[in-house]
Amino acid sequence: MLAVFAHPDDAEFGAGGTLARWVADGLEVAYLIVTRGDAGGFDDTPRDQMPVLREAEQRAAAAELGIREVTFLDGYFDGRLTPTIELRRDITRAVRKFRPDRVLTNSPLRRWERIAGPSHPDHLAVGEATTCAVYPDARNSFAFPELAAEGYEPWVVREVWYQSGPSPDHVVDVTDTFADKLRALHRHTTQTSHMDMEPFLRDRMATVARDSGLPDGRLAEAFTIIRTE
Ligand SMILES: [Zn+2]
């Protein structure tokens with residue numbers, strides 16, 4: 001499966017427990033991260049260091065979940081993403097290269113009740129561009145002829161999982177992999193060192209579990225899943 005996200009840390013915040021479960025189940029997981037999070041951070045780290053630090057943090061966080069394949073796109077910047085044809089083409093290239101059955105990505109839909117965080121414009125842009133890459137771009141042999149010229153053949157992704165969107169329709173019980181998620185998030189030092197993360201995450205994930213009818217004490221991550229065929 002291929003996880004496509006706008007920023008380093010998106011995957012772990014929204015789906016770290018689920019990704020750890022998938023790896024444990026033997027799924028092959030690869031990341032495609034569109035920016036290096038150059039507009040992130042909360043201290044006086046020199047701005048030109050931020051993308052370097054965050055790329056390293058993302059690779060370390062992925063490794064905590066057992067994920068080794070991490071690719072960053074070049075030429076896209078934190079806070080400036082829109083679902084351009086170029087971004088669709090670059091995500092399509094990755095889809096045709098990795099040939100995943102499942103894609104996990106940011107939701108392209110805005111949550112009006114919680115605009116900060118999930119509804120960051122970069123998330124909406126990547127969710128939209130990835131959806132367009134899944135259908136129709138990756139499967140249409142006439143889309144982006146330059147990709148065929150590079151040797152990337154059409155590919156059909158069977159399902160898309162969206163994180164942090166409105167009205168999710170699926171939850172994953174990640175109580176057993178919560179520690180992995182926490183460890184991975186601690187690797188995003190520039191983003192998380194100022195937070196007391198464990199109580200914050202436990203509270204939020206317990207609410208997700210409770211709202212979906214899981215027993216008390218369980219922790220969950222929520223998604224919207226679409227089938228593409
Ligand atoms: Zn983000």
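Each ligand, and each atom within it, is numbered from 1 in the order the structure gives.
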Considering only residues two or more places apart or on different chains, which pairs with a residue in residues 70-92 satisfy ring pair (Phe, Tyr, Trp, His ring centres under 6.0 Å)?
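Of all non-adjacent pairs touching residues 70-92, none passes ring pair (Phe, Tyr, Trp, His ring centres under 6.0 Å).
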
Under 3.5 Å side-chain donor-acceptor pair for E57 and T190:
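Their side chains do contain a donor-acceptor pair, which is all the 3.5 Å distance test asks for.
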
At the Zn ion (ligand 1), what angle lies between atom NE2 of H123 and atom OD1 of D10, rounded to 10 degrees?
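Computed angle, vertex at the Zn ion (ligand 1), rounded to 10 degrees: 110°.
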
Report yes if the side chains of P51 and R54 come closer than 4.5 Å at any heavy-atom pair, otherwise no.
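Of all side-chain heavy-atom pairs linking R54 with P51, none is under 4.5 Å.
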
Are any of the side-chain nitrogens in R187 or E64 under 4.0 Å away from the carboxylate oxygens of its partner?
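Yes.
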
Looking at the Zn ion (ligand 1), is there an N, O or S atom belonging to D9 that lies under 2.8 Å away from it?
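No N, O or S atom of D9 is closer than 2.8 Å to the Zn ion (ligand 1), so no.
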
Check whether any N, O or S atom of H7, backbone or side chain, sits closer than 2.8 Å to the Zn ion (ligand 1).
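Looking at H7, which is the residue asked about, there is an N, O or S atom under 2.8 Å from the Zn ion (ligand 1).
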
